[in-house]
Amino acid sequence: MDLYLKEGMGYETVAKELGISHSMVCRWVKRYEQEGIQGLEEKRGKAKGPNKGRPRTRPEDPETKIKRLEAEVEMLKKLLKR
């Protein structure tokens with residue numbers, strides 16, 4: 001988040017730096033701007049009751065999941081340093 005907000009990097013540059021898609025960076029920034037740090041919390045699986053929430057259409061492959069989680073960890077570390 002700091003790469004985008006404080007250092008002025010664009011979505012594409014931040015995405016390349018973190019090894020993720022630019023659309024993910026765009027989504028994180030928009031959620032952060034709208035809801036603050038709470039907007040970045042994982043919301044999947046939080047719905048209560050039967051038939052709530054949207055089921056995954058296909059499982060995330062382990063390599064993609066690791067990259068996504070590593071990028072989230074780095075972003076959160078940078079946010080906490082502010």
Side-chain angles (χ1 to χ4, degrees):
M1 196 61 62
D2 282 346
L3 295 175
Y4 176 80
L5 296 174
K6 288 188 177 180
E7 296 184 30
M9 291 184 179
Y11 296 133
E12 292 285 341
T13 307
V14 173
K16 285 179 186 175
E17 183 81 18
L18 298 175
I20 58 174
S21 72
H22 77 282
S23 62
M24 185 176 289
V25 176
C26 180
R27 203 170 341 156
W28 287 347
V29 169
K30 286 182 180 181
R31 286 182 184 166
Y32 181 77
E33 288 173 342
Q34 291 173 351
E35 303 174 42
I37 195 74
Q38 290 179 341
L40 300 175
E41 291 178 5
E42 181 65 55
K43 292 180 175 83
R44 288 182 296 204
K46 302 251 180 192
K48 304 276 186 216
N51 301 319
K52 297 282 183 180
R54 183 177 62 168
R56 279 192 179 272
T57 54
R58 63 177 186 250
E60 189 173 25
D61 81 85
E63 199 168 306
T64 302
K65 184 175 183 175
I66 289 170
K67 278 188 173 186
R68 178 180 58 81
L69 293 173
E70 285 174 342
E72 287 178 20
V73 166
E74 287 304 311
M75 184 192 64
L76 292 171
K77 281 180 184 177
K78 290 177 182 180
L79 280 173
L80 292 173
K81 287 182 183 179
R82 294 189 334 170

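Here the structure is a predicted model, which is why all the values come from computation and not from measurement. Position 1 is the first residue of the sequence; numbering continues from there.
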Residues at least two apart in sequence or cross-chain that pass side chain to side chain donor-acceptor pair (under 3.5 Å) with Thr13, listed by chain then number, are none
Residues at least two apart in sequence or cross-chain that pass side chain to side chain donor-acceptor pair (under 3.5 Å) with Glu12, listed by chain then number, are His22
dist Ile20:CD1 -> Thr64:OG1 (nearest 0.5 Å) comes out at 12.0 Å
Distance col, row Met75:CE vs Met24:CE, nearest 0.5 angstrom, shows 10.0 Å
What one should report as the nearest heavy-atom pair of Glu74 and Leu18 is CB-CD2, 4.3 Å
Across all chains, not counting sequence neighbours, the side chain to side chain contact (heavy atoms under 4.5 Å, CB included) partners of Leu69 are Lys65, Glu72
